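Read through the structure below, which is laid out as structure tokens, and then see the notes.
For clarity, every value in this text was computed on a predicted model and none was experimentally measured.
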There are 2 protein chains.
Amino acid sequence: MTSQQVEIALARAQRVCTLRGARLTPVRRRVLELILRADQPTKAYVLLAKLEQERGKLGPPTIYRALDFLLAHQLIHKVETSNAFVACDDAERAHQSQFVICEDCGATEEIQDDDIVASLRRLGEMRGFAVERQVIEARGLCPACRVGQRQA
Amino acid sequence: MTSQQVEIALARAQRVCTLRGARLTPVRRRVLELILRADQPTKAYVLLAKLEQERGKLGPPTIYRALDFLLAHQLIHKVETSNAFVACDDAERAHQSQFVICEDCGATEEIQDDDIVASLRRLGEMRGFAVERQVIEARGLCPACRVGQRQA
DNA sequence: GCAAATTCGTTACGCTATAACGTCTCTTAG
DNA sequence: CTAAGAGACGTTATAGCGTAACGAATTTGC
Ligand SMILES: [Zn+2]
Ligand SMILES: [Zn+2]
Ligand SMILES: [Zn+2]
Ligand SMILES: [Zn+2]
């Protein structure tokens, strides 16, 4: 993601927050920027280390609070099977997302497929469950790493 | 699960292991039994504490190695969003499973739906990914807790 | 028996996440 | 303007999850 694109994404995040009466504070904004600039899902303690380089010693809560805020507003998602965080470019729209993750290089792509969401909801309802949140992640090899695998 | 049912499950696990040339050692067997007897997904450190009551101080690796073995043979599954382990009564058959989990009481049910597995695989393949492992979990409220929620 | 492989105990450590408390700032009603 | 309340943040401590590395003991295959 280019710096331009990052700026655009940050501006859009700012708009979303303002619209919702939420405050995109410096810490939150900076954490989002770090996630946006990373080309892969970012771990909480990596974010913490980077933020501490800039602001001196902090603690985990500082990061986790920022992450909780960004998650609540769908500005980021958590990849559960990686314990890592990725930016979402579709925060305006409430949505469930899925992920495909490369076991080899960590490349991660967000998917938004309404059919699979509906399917899982239906499976839950068939058992009497009221489904509120879904975690759907596929782990395997990305196109680039598949090639490497074949040659090795 | 009654003691009788636990014994039957353990006997079946023993058969599966023998058939595969794997050893269901005392530690592994006991860990499986603890998981079978629990009526809810069990956490690694809870298992560790119980095992240490019986055998004196051990360390996390003892439990995690047993869990890894049981996972490899599909005698148990890991519920990723709970960091907990549940027994599987269908170890003979290679299968992917999904889970519905109650946020309120922790009740967890295993689902085996081939269609949703195929769907997610297809979504991955459309992006060039070779999907090897899937995590599909739905969190919400179980039938019992839905009632409680409505009355509260 | 004996060598190789598997299993297990043990110590130590790293990563993930939250509890609890006090301070500071920002908003807003009076 | 100012006091009160809410929200955000810094700080310390701690709980929970998981693995690396090494050596001893056991089992297996020859
Ligand atoms: Zn998204
Ligand atoms: Zn890859
Ligand atoms: Zn199963
Ligand atoms: Zn429930």
Side-chain angles (χ1 to χ4, degrees), chain A residues 13-14 17-18 20-32 34-35 40-73 75-86 103 106 135 137 139, chain B residues 13-14 17-32 34-35 40-73 75-86 103 106 135 137:
Chain A
Q14 181 61 69
C17 288
T18 304
R20 294 180 189 166
R23 296 166 51 199
L24 189 62
T25 64
V27 176
R28 293 168 178 172
R29 182 187 167 91
R30 182 60 179 140
V31 170
L32 176 57
L34 288 170
I35 295 173
Q40 289 206 347
T42 314
K43 303 237 174 192
Y45 275 64
V46 171
L47 294 169
L48 177 57
K50 290 189 181 177
L51 211 61
E52 285 184 333
Q53 280 182 5
E54 303 170 357
R55 299 169 171 250
K57 169 137 202 285
L58 301 169
T62 297
I63 291 294
Y64 281 103
R65 279 190 294 236
L67 291 172
D68 285 344
F69 174 87
L70 297 171
L71 285 170
H73 290 283
L75 294 166
I76 62 173
H77 298 294
K78 180 175 181 184
V79 184
E80 295 286 343
T81 56
S82 308
N83 290 323
F85 302 86
V86 293
E103 297 274 14
V135 174
E137 299 180 9
R139 304 192 63 102
Chain B
Q14 180 60 69
C17 288
T18 304
L19 226 97
R20 295 181 190 165
R23 296 164 52 199
L24 189 62
T25 64
V27 175
R28 294 167 178 174
R29 182 188 167 91
R30 182 62 178 139
V31 170
L32 176 57
L34 289 171
I35 295 173
Q40 289 206 347
T42 314
K43 303 234 173 192
Y45 275 63
V46 171
L47 294 169
L48 177 57
K50 290 189 181 177
L51 211 61
E52 285 185 334
Q53 280 182 5
E54 303 171 356
R55 300 170 170 247
K57 171 140 202 282
L58 301 170
T62 297
I63 290 295
Y64 280 103
R65 280 190 294 237
L67 291 172
D68 286 343
F69 173 88
L70 297 171
L71 285 169
H73 290 281
L75 294 165
I76 62 173
H77 297 296
K78 179 175 181 185
V79 184
E80 296 285 343
T81 55
S82 308
N83 290 324
F85 302 86
V86 293
E103 297 275 13
V135 173
E137 300 180 9

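If you take CD of A:E52 and C1' of D:dC9, they are 14 Å apart, rounded to a whole angstrom. In this structure, the CG atom of A:L67 is 13 Å from the C1' atom of C:dT18, given to the nearest Å. If you take CG of B:D68 and P of C:dT6, they are 15 Å apart, rounded to a whole angstrom. Rounded to an integer number of Å, the gap from B:L51 CG to C:dT10 P is 12 Å. For the pair B:R65 CZ and C:dT11 C1', the computed distance is 12 Å after rounding to whole Å. In this structure, A:R30 atom CZ and D:dA8 atom P are separated by 20 Å, rounded to whole Å. Distance A:L58 CG to C:dC24 C1': 15 Å, rounded to the nearest Å. Atom-to-atom, CD1 of A:I63 to P of D:dC9 comes out at 11 Å; the value is rounded to the nearest Å.
Residue A:Y45 has its side chain nearest to C:dT16 when only C:dT16, C:dT18, C:dT11 are considered. Side-chain proximity of A:P61 to C:dA17, D:dT19, D:dT12: nearest is D:dT12. Of the candidates D:dG10, D:dT12, C:dT16, D:dG10 carries the atom nearest the A:T62 side chain, counting heavy atoms from C-beta on. Residue B:V27 places its side chain closer to C:dC8 than to any other of D:dA13, D:dG18, C:dC8. Considering only side-chain atoms of B:K43, the nucleotide from C:dA20, C:dT10, D:dC17 that sits closest is D:dC17.
The phosphate of D:dG18 (OP1 or OP2) has a side-chain N or O of B:K78 nearer than 4.0 angstrom. Considering only side-chain N and O atoms, A:R55 lies nowhere under 4.0 angstrom from the phosphate OP1 or OP2 of D:dC9.
Nearer the 5' end of DNA chain C, as judged by each residue's closest nucleotide, is the contact made by B:R28, out of B:R28 and A:N83.
Side-chain contact between B:V79 and B:E137: present, with at least one pair of heavy atoms (C-beta onward) separated by less than 4.5 Å. No side-chain heavy atom of B:I63 sits less than 4.5 Å from a side-chain heavy atom of B:L58. Side chains of B:S82 and B:Q40 form no contact here, defined as non-hydrogen atoms less than 4.5 Å apart. Here the side chains of A:L34 and A:V46 are not in contact, with every heavy-atom distance at 4.5 Å or above.
Within the nucleic acid shown, A:T25 comes within 4.0 Å of sugar-phosphate atoms alone, with no base atom in reach, counting heavy atoms only. When heavy atoms are screened at a 4.0 angstrom cut-off, B:R23 is found touching the sugar-phosphate backbone but no base atom.
Side-chain atoms of A:Y64 stay outside donor-acceptor range of the base of C:dA19, with no qualifying N/O pair under 3.5 Å.
For B:L75 against B:L32, the heavy-atom pair with the smallest separation is O-CD1, 4.1 Å.
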